[in-house]
Structures are given as structure tokens and as C-alpha cells.
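Single-structure report; data block below.
For the numbers below, each heavy atom of this structure counts, side chains included, while hydrogens, waters and symmetry mates do not. Letters go in sequence order (proteins before strands), and every chain restarts at 1.
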Amino acid sequence: MNNKYRTHNCNELRKEHVNTDVLLSGWINKKRDHGNLLFIDLRDNYGITQCIIDKENLNFIQLEKTQLETVVSIEGKVINRSKETINSEISTGEIEVSIKNFKILGTCKELPLPVFSDQEYAEDIRLKYRFLDLRRKKIHENIILRSKVISFIRNEMNKNGFLEFQTPILTSSSPEGARDFLVPSRLNPGKFYALPQAPQQFKQLIMVSGFDKYFQIAPCFRDEDARADRSPGEFYQLDLEMSFVEQEDVFKVVEKLMVNTFKEFSDKKLLFDKFPRISYKEAMLKYGTDKPDLRNPLVINDITEIFLREDVKFDIFKKLVKSGSIVRCIVTKNTKDKPRSFFVNIDKWAKEQGASGLAYFTIEKDEIISAKGPVGKFFSSESLGEIMKLTGAEKGDSLFLACSKQKEIEKITSQARNKIAEDLNLFDNNVFAFCWIVDYPMFEKDETTNKIEFSHNPFSMPQGEIDQLNFDEPLNILAYQYDIVCNGVELSSGAIRNHIPELMYKLFSIAGYEKKVVDNKFSGMINALSFGAPPHGGIAPGIDRIVMLLADEKNIREVTMFPMNQNAQDLMMNAPSDVSDKQLKELNISLKSKK
RNA sequence: GGGGGUGUAGCUCAGUUGGUUAGAGCGAUCGCCUGUCACGCGAUAGGUCGAGGGUUCGAGUCCCUUCACUCCCGCCA
């Protein structure tokens with residue numbers, strides 16, 4: 001590299017360059033002005049080089065007045081630093097550049113937020129001035145990491161014989177799933193395209209087209225409300241699909257890819273090199289969620305049966321159990337000496353979450369087993385023995401109990417599991433704990449409408465021989481449907497697909513879709529499946545979440561270059577925005593007047 | 001749509017029980033300083049205390065409404 005802007009970048013110069021004349025360009029990261037001597041830290045994408053100038057130089061006065069973040073080119077000679085002034089924090093710290101001449105390439109107004117600072121800033125300012133924010137060290141490195149992760153993954157996929165294809169961004173709206181982003185069609189007045197929520201149908205069509213193994217770093221668009229780990233609007237998936245495969249074949253490819261990627265880009269250990277497999281049912285019982293954080297050793301146990309015993313006098317729970325509630329508990333090991341406040345705080349916290357609180361007691365043993373704590377007196381020695389058998393609890397352990405209907409109890413025990421583990425400091429933050437969640441039910445019952453719905457992906461293949469499936473009890477049908485979860489983050493979900501049209505019609509009819517509707521809404525798919533479709537399956541790991549875990553960030557916007565805010569607005573580009581009447585007219589759209 | 005948190009100088013924040021002229025650090029401007037690397041020292045400018053209303057002799061502080069940001073619930077095949 002040698003042009004009118006630079007001979008070297010800001011992370012290149014070392015001892016061996018001493019006495020060479022160099023030309024550097026970059027941003028003024030920091031100035032230290034000693035009046036007659038001025039230090040300038042010049043920064044570019046690659047690093048920082050200290051440059052120095054003194055009063056003798058005619059440029060001194062102008063350079064002294066130059067704002068931080070001004071872009072300059074600096075001409076000078078590389079010189080040695082004396083031993084005491086070596087800066088071991090930066091890789092160019094053994095040398096500095098003695099400035100002969102400099103030129104301003106891009107001026108800078110007063111900064112709305114400092115670039116050189118580790119401080120945290122309000123997100124709206126960061127998003128409005130994202131180009132400045134992105135100069136800051138941590139996020140700059142996150143974005144570079146993201147680029148490297150993506151090219152690593154792409155390379156791995158290519159090595160494994162996957163072909164990368166693009167699929168349409170303007171496609172049709174589908175009835176299942178999240179809200180669509182719609183795009184009006186000018187040439188077809190009154191009709192709309194939808195942005196794809198995922199290239200789901202296309203990747204299946206690619207298999208039907210005989211391409212065998214496909215992948216894509218695919219943008220996906222869903223009009224959902226945001227969360228810390230969910231950008232509003234758009235996100236990226238490593239979308240992949242394979243023909244003539246069983247669930248195991250997909251697992252093999254993806255597990256290896258995940259292990260390689262996480263080993264390549266993080267120093268954290270993998271808790272399991274072989275990902276444990278947990279059925280959906282087991283996950284919901286033991287962890288209360290289908291995205292359990294397995295760094296957390298606590299598990300949930302069902303002890304409903306205890307409350308049917310005569311020698312248990314805990315009447316509130318007993319009454320609830322009689323009316324269909326269930327009781328689940330979390331055992332904490334050896335917590336008998338924890339202060340009262342530990343227990344009270346967790347109970348209080350549970351109430352803040354909208355639950356009716358968490359009952360608790362600690363198991364003790366002098367002559368006989370007893371329970372200490374506000375509700376301890378309700379349990380006979382024998383019943384406690386039974387609880388210990390059911391839960392594996394021992395003397396000195398404590399139990400936190402919740403009683404309510406299934407959905408609620410799953411929610412509160414799942415949250416409590418994390419809360420208690422946090423309070424007890426049980427999380428190992430230096431590991432990644434992956435697992436597969438498998439055997440998802442094909443259908444579930446909507447609690448309010450009582451209707452049978454697809455619980456996940458309507459295109460999944462049900463488990464078992466087709467002629468032996470019992471469609472009369474659809475809630476018992478499991479699917480070849482699976483998720484990867486890491487540290488409590490849902491990283492991907494996938495399935496072996498249903499490639500048999502008759503079976504698809506059947507499943508859709510259970511979910512209340514007539515054949516006509518299926519033919520209409522999924523015309524491309526259903527049509528294709530009747531012209532010789534291979535058995536196939538795939539998965540789609542979320543790129544943003546993978547990078548978020550690797551960068552050790554809690555928020556997905558920290559690994560997204562230009563994210564929108566929680567209200568799905570781009571504060572930098574001013575999107576969404578008004579459009580002209582002419583544009584609306586062309587699209588055959590008229591707006592209801594705003595209230 | 002609902003719940004929690006936050007909102008004071010360009011930025012990050014402090015501000016007591018409601019009490020005189022609302023403070024600090026960074027940044028900006030000016031001055032001093034030849035070995036710093038978060039350089040140091042001194043001075044100056046910079047405020048609709050998110051907005052509106054109310055209580056009060058008096059509101060950054062209490063009450064009501066509202067807006068913005070954020071976290072969570074709903075939502076996310």
C-alpha cells in the first residue's frame with residue numbers, strides 16, 4: 001500500500017521501521033497537549049499510532065487546534081521511544097511518528113458523543129449517530145467479528161458441499177407465523193408482496209429442484225415487537241436444507257459447524273462437545289421452558305402427588321391441586337445457613353413477577369426429618385421423606401414451591417430457576433452450554449379459542465409411520481422438529497419436512513385449513529411436492545444471536561451495524577417516513593387521515 | 001395493547017425533608033505547560049431540570065396527564 005494517503009496503516013509500524021519516512025492517515029483519536037509538545041493518537045480500522053510534534057514545527061499551532069475525530073494525513077519519520085515512554089498497551093507502542101507535515105482530509109464538528117470512551121450512552125443518540133458509535137472500540141470489534149464469523153461459516157458450508165443460493169425478497173404473504181411486512185404492488189393494484197419471514201418455502205423448492213444441499217446467509221423479516229435478543233424488522237439466518245436426510249444427518253452437520261465456529265471465535269469452553277438432547281416435554285418439566293440455560297444446575301420437579309396425602313396440611317395448595325393445579329419445586333443444595341433475607345427476597349421477587357409468590361422451607365434432621373420455614377410445619381416427616389425421594393433433596397437443602405396451572409407454573413418456575421441461580425451465583429459465565437430440544441408436538445391447543453393449531457412449523461414431518469398415525473388425537477403427534485439452544489438463547493430451529501402432499505393436506509385440515517386454502521396459500525409448495533419431491537430437512541441458526549453470544553453481548557443491537565430502535569424506527573435514516581402523494585397514487589393507496 | 005425503569009449542560013451523572021443564584025467530570029472556547037498515553041493546571045461559555053397542567057408563600061424534588069428511550073409480558077409457524 002502506497003498512495004497519496006498512506007504508506008502504512010496505524011497498526012503497522014514497529015521498531016524495524018525506525019528512521020523511515022512514512023505517511024499515515026486516520027482519525028485524531030486523542031490529543032495530549034503539553035503546550036510546546038503535542039501528542040496525537042492517530043487511529044484507523046487497524047490500530048493506533050502515536051504521533052508527536054513540537055513548537056519548532058510551523059504546523060504546531062494548527063494541529064494543536066484541530067478537533068478530535070478530524071481525519072488527517074500525517075507525514076513524518078518513525079522514531080524510537082525511550083524505554084520509559086514505551087506503551088505496552090498498543091502494538092505500535094515501541095515507536096512514534098515525528099510529524100513533519102500534515103493535511104486535513106475531513107473536518108469534524110463538535111461531537112454529539114465521544115468516540116474515545118468506554119462509557120455507555122443512551123441508545124437513541126448512539127443510533128442517530130451510528131457512524132460515530134461504530135468507530136468506538138468494542139462495537140467496531142463486534143462488527144468485525146460478525147464479518148469473520150459469517151465468512152468462516154460460509155467457508156465451512158462450502159467445504160461441506162453446500163451451494164449458496166439467493167431467494168426472492170419480494171414474495172407472498174403466508175397465513176402462519178408472525179406478522180408480515182407488506183409491499184404494495186404498482187403493477188397489480190390492491191395486491192401486496194410480503195417480505196419473507198424466512199426462505200422456508202423457497203429452500204424446500206430448491207430441494208425439489210434437485211440441488212441436494214443449499215445454504216444462504218438469509219435476511220428474514222418479521223413485524224414483531226422487539227426484545228433484547230430480537231431486532232424489530234430484520235435479522236439474518238444461516239438458512240440450510242438437505243435432501244435425503246434424517247434428523248441425525250442434520251444434527252451431525254450443524255453440531256460440527258457450531259462446535260467449530262464457537263471454538264474458533266471464543267475462548268469460552270463448550271460444556272458439552274456432544275450436545276445433549278432433551279425432549280420438549282422433559283424441557284418443559286425440568287426447566288419450564290424450551291430454551292433452558294444448562295449452565296444453570298437447578299432443575300424443577302413435580303411434587304403434585306405429595307399434596308394428595310393426608311399428612312400434608314398445606315391447605316392452600318391442596319385445594320388448588322384438587323381443582324387441577326400442579327405443584328412444582330426447585331431444590332437448592334445446602335442452603336440451610338442462608339439468611340432469611342435470601343428466601344424472603346425470592347418470594348418477594350416472585351410476587352413482583354405476577355405470581356402468587358414462592359413457598360419455601362429447608363429440610364432439617366435431628367431425630368427425625370423436619371422442615372424449617374413459614375410453611376414447614378405443614379409437612380409430616382414421612383411426606384418430607386417422600387419429597388426427598390422425588391426430588392433428590394437432602395438434609396440442609398431448601399425447596400421453593402409454586403402451585404398453579406401448567407402454563408403459569410412453567411413460566412414462574414422457569415424464571416425462578418434463573419433468579420435463584422443468579423442469587424446463589426451458580427452460573428459459570430465462561431462456558432457455552434448447547435443442547436438440542438427435540439420431539440416437539442405437531443399441534444397445540446390455543447387456550448383461549450380451544451382451537452388446534454400448529455405448534456411450530458406446519459411443514460414439519462410428523463414422527464412415526466404415516467399409516468399408523470392417530471389423527472384423532474392430534475395433540476399426541478410429535479414432529480421431527482428441533483431447536484438448538486445455547487446458554488438459554490434459542491439459536492436455531494429446524495425440521496425434517498413433510499414432503500407428502502396428502503399428509504400435508506391432512507395435517508392442515510386438523511389445524512382448520514381446507515384443501516382449497518392450502519392450495520391457494522401454499523400453491524408453489526404443494527404443487528411442487530406432487531411432482532416428485534425428495535425427503536428433505538434443514539435448520540436455520542440465527543446469525544445475529546450466534547455473534548451476540550460470541551461477542552459476549554446481551555443485546556443484539558451491539559452486533560448489528562445499523563439496527564432500528566424498539567419502535568422499529570431507523571433514527572439515522574429516518575425510516576419509516578412519509579411518502580409523496582404521487583407515490584401513493586401510483587400504488588393505488590389512499591391513507592386514512594391521522595387522528 | 002399491558003407492566004417496570006430512566007429522562008437535569010453537547011456527553012456521563014449528582015442534586016438532602018419542597019427553601020436563596022441547579023452542581024461535578026468529560027467535551028467546547030481561551031490561557032499556561034517539552035514525554036504524555038484517561039497528561040496536568042487555571043479561566044470562560046454552556047440549562048425550557050423531557051413536555052403540559054396542578055398542589056404550595058415557594059417545585060428539579062409532591063400529584064395528574066403526556067412524550068421519548070429502554071427492559072419485560074402479549075406477539076415471535
B/U36 phosphate, OP1 or OP2, under 4.0 Å from A/Arg32 side-chain N/O: no
Whole-Å P distance, B/G35 and B/C41: 15 Å
Touch class at under 4.0 angstrom, heavy-atom based, for A/Phe454 against every strand present: sugar-phosphate
Test: A/Lys31 and A/Asp33 ion pair at under 4.0 Å: no
Sugar-phosphate only, base, or nothing, as touched by A/Ile52 at under 4.0 Å among non-hydrogen atoms: base
Nucleotide forming a Watson-Crick or wobble pair with B/G25, both distances under 3.5 Å: B/C11
Which atom pairs, donor and acceptor, lie under 3.5 Å between side-chain atoms of residues 477-486 of chain A and protein residues at least two apart or in another chain?
residue	atom	partner	partner atom	Å
A/Gln481	OE1	A/Ser460	OG	2.6
A/Gln481	NE2	A/Gly494	O	3.2
A/Tyr482	OH	A/Ala495	N	3.4
A/Tyr482	OH	A/Ala495	O	3.2
A/Tyr482	OH	A/Gly538	O	3.0
A/Asp483	OD2	A/Tyr440	OH	3.0

Sugar-phosphate, base or nothing in reach of A/Pro112, heavy atoms under 4.0 Å: sugar-phosphate
Any A/Lys109 side-chain nitrogen or oxygen under 4.0 Å from OP1 or OP2 of B/A28: no
Inter-nucleotide P distance (B/G27, B/G42), Å rounded: 14 Å
Side-chain-base donor-acceptor pair under 3.5 Å for A/Glu96 and B/G35: yes
Per-nucleotide protein contact string for nucleotides 70-76 of chain B (B base, S sugar-phosphate only, - none; heavy atom under 4.0 Å): BBSBBBB
No-H, no-angle donor-acceptor pair, A/Gln50 side chain to B/U36 base, under 3.5 Å: yes
Complementary nucleotide for B/C62 - Watson-Crick or wobble, under 3.5 Å: B/G54
Pairs flagged by salt bridge (charged side-chain N to carboxylate O under 4.0 Å, His left out) wherever residues 552-565 of chain A is involved - sequence neighbours left out: A/Glu123-A/Arg557, A/Arg126-A/Glu558, A/Lys138-A/Glu553, A/Lys268-A/Asp552
Nearest-angstrom distance, P atom, B/A45 to B/U6: 33 Å
Side-chain donor/acceptor contact of A/Arg126 with base of B/C11 under 3.5 Å: no
